[in-house]
Structures are given as C-alpha cells and as structure tokens.
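Encoded as structure tokens, the structure appears first; notes follow it.
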Amino acid sequence: MPELPEVQTVVNSLVKPLSGRKITSISAHWPKVFDNFHPDTLFKKQSQLKIITVFRRAKFIIIQLEDSILAVHLRMTGKLYISEESILPKHTSALIKLDKKMNLIFEDVRKFGRIYFFKNLDIINTRHGIEPLSDMFQIKIFQKILLSKKRNIKALLLDQSIVVGLGNIYVDESLWMSGIHPNSLSYLIPKLKIKRLHQSIIIILTEAIESKGTTIIDFSVNGQSGKYSSKLSVYGRKNDQCLNCKSRIIKLRICGRGTYVCNICQQKYLKK
DNA sequence: AGGCGTTCCTGGGGGC
DNA sequence: TGCCCCCAGGAACGCC
C-alpha cells in the first residue's frame, strides 16, 4: 500500500519525464476516478495543459500545471507511470495523453484511487498535517501533540491531519523501532520514548525512500519492485523471531488494521 | 474528543 | 478442480 516512501518514489520517477510536457487529453476508464471534476471542463479554454513540475504533498502526487494542480491519490493499489504501449492494462482507471505520443497511465486494481483537480494546495493543506521529513517536524511540536491527546498511538500516527505519510506498514515499523506498543495511549508515553519515535519515523521513512519503497502486495515503479520489504522488522512477520529479542512476533487487530508487535520489546503505556 | 463501524473494490488464499 | 467466503486496507463519513 503506497505510503510516503512509495509516493515519493513514484514522484521521483515522474518529475524529469513529465516536467515541461503537455497534456493533450484526459479520459476516465473507470467513471469514479475523477473525484471533483470532469476532464472536459479543463480543455474548454485551451487544447493542452502544460506540466510545470511534479511533487509530493502527504500521500498525493501533485502534478503542477500553469495555474492549477492535478492531485493523484494511489490509495491501496494505484500505480501511475508513463507508457508508450498502445494496449492499456486491464485495470486502467484513467488515461492521460501527453505530447510525443506518450501516455500517463493510472492503473488501479481495487479502484480506490482518485484524481482531484484544484486551483492550489489549500484544500489539501487544510486537511493534512506536518510533513515528517520537513523542518516542521520538530521534536517539541511532536511531543506537544502526543501529550495533548488521549489517543491510541497507532490511530494518532495513521491520522493524516496530524503527521502525514505514515500508513499501516511504517507505523508498525516506527513503533517497533522505538519500543512502543501500538495500543499505548499517546499522552502516557514518556518523553524519551516520544523522542525515539520521532527519530524512528525519520530514519525509517528516509531509508525506505533510499530503497525505493516497500513491495508489500502491489507496489512497483516501472515494474521494478521496491527493496524495503526485505528490511521490514515487524510488519508481515507473524510468528517470526523479533530481530531484537528473538521472541515471536504476534499479530493483533488495532484500529481495524492488521498490526504486528513484539510484546517483549514494545512497552504498553496504559492507565491502570 | 475520540472510538468504532461502514463504505468503496478486487484478487488471492483457505476450507471443503 | 472448483466454489464460496473472508480478508487486505486509506480515508471519508456517520453515529455514539
């Protein structure tokens, strides 16, 4: 499932080939793929749309046009890539045609992915929190947030309005690395552990981007699988030995998600 | 405020 | 082999 490192990997693969290109048409192959607009409306005043650049905000791939943006969210199984093939894949959700006969294909088996059209980032920014790999992600701010909320720590980390980019895999990895049980309450976690969690999030996301993401389930760029899956410490390792203490990794259900935990290494902070 | 269930989807795996 | 059922989950939404 694409999280921050996977989305960043897609962006990195698209920024050079797409910058300066022109979109000549946009069509839906799955009717619901365009969430808040109809593509025909974009071509009423102009026959083509110039792409300025591509970047990431939260888990969105932002295609910057001259005075607007296309925001692509991959959700669970979305893939966005350039193709010169004339035959479209079975699960194509949208086809974005470019000049020089190139296609930008949005392929999505489970059809959760969406494309949005906005004038700017305002709407996305109001609903989304801090970028964990930016200067805004400061230990003091993170501590203040965790201590001010009486929330399950896994739920809090998955909440995109607080810190963006983390999903089920990297939340489990970050909590394991910092020795915090995912069923802990945020305001009861000691400051030292919050500091470790802050560091773990940065380290894990950075290393995952360097490995071009995790290939659990469906993620790949240009058919190339991410390499982070071999570096996962707890996620998907039910009954395997904990890399730290050799006890068995267990699988729980927390926040409605499959959650992997080492009960020995990860301390639970709950009110007795 | 925050937890929880529901919805959207399809492919894959387990059970028989 | 084949069929049925359940599970995977990001995010929005409604309810308590």
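A, B, ... follow the sequence lines: proteins, then strands. Residue 1 opens every chain.
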>> Could you tell me how far apart A:Leu158 (CG) and C:dG9 (P) are, to the nearest whole angstrom?
In response: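 In whole Å, C:dG9 P and A:Leu158 CG are 10 Å from each other.
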
> In the hydrophobic clustering (ILVMFWY, side-chain contacts below 4.5 Å, transitive), which residues join A:Leu121, or is it alone?
Replying inline: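 A:Phe55, A:Phe60, A:Ile62, A:Ile69, A:Tyr116, A:Phe118, A:Ile123, A:Ile124, all in the cluster of A:Leu121.
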
>> Measuring centre to centre across the rings, with the benzene-like ring taken for any Trp, is A:His198 within less than 6.0 Å of A:Phe137?
In response: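 Ring centres of A:Phe137 and A:His198 closer than 6.0 Å.
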
>> Between A:Asn12 and A:Arg56, do the side chains contain a donor N or O and an acceptor N or O under 3.5 Å apart?
In response: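 Result is no, nothing qualifies.
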
[X] near the nucleic acid: base, sugar-phosphate alone, or nothing, with a heavy-atom cut-off under 4.0 Å?
X        : result
A:Arg151 : sugar-phosphate
A:Gly258 : sugar-phosphate
A:Asp108 : nothing
A:Lys154 : nothing
A:Gln160 : sugar-phosphate

>> Looking at the base of C:dA8, is there any donor atom on it, or on the side chain of A:Arg257, that sits under 3.5 Å from an acceptor on the other one?
In response: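 By the distance-only test, no, there is no pair.
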
> Any donor-acceptor pair under 3.5 Å linking the side chain of A:Gln266 with the backbone of A:Ile264?
Replying inline: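 Side chain of A:Gln266 to backbone of A:Ile264, a donor-acceptor pair under 3.5 Å: no, none is there.
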
> In terms of heavy-atom contacts, does CG of A:Asp135 have more than 12 from other residues, nucleotides or ligands at under 6.0 Å?
Replying inline: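 Counting other residues, nucleotides and ligands, CG of A:Asp135 stays at 12 neighbours or fewer.
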
> What are the bounds, 5' to 3', of the part of DNA chain B that sits under 4.0 Å from heavy atoms of chain A?
Replying inline: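 Terminal contacting nucleotides, 5' to 3': B:dG2 to B:dG11.
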
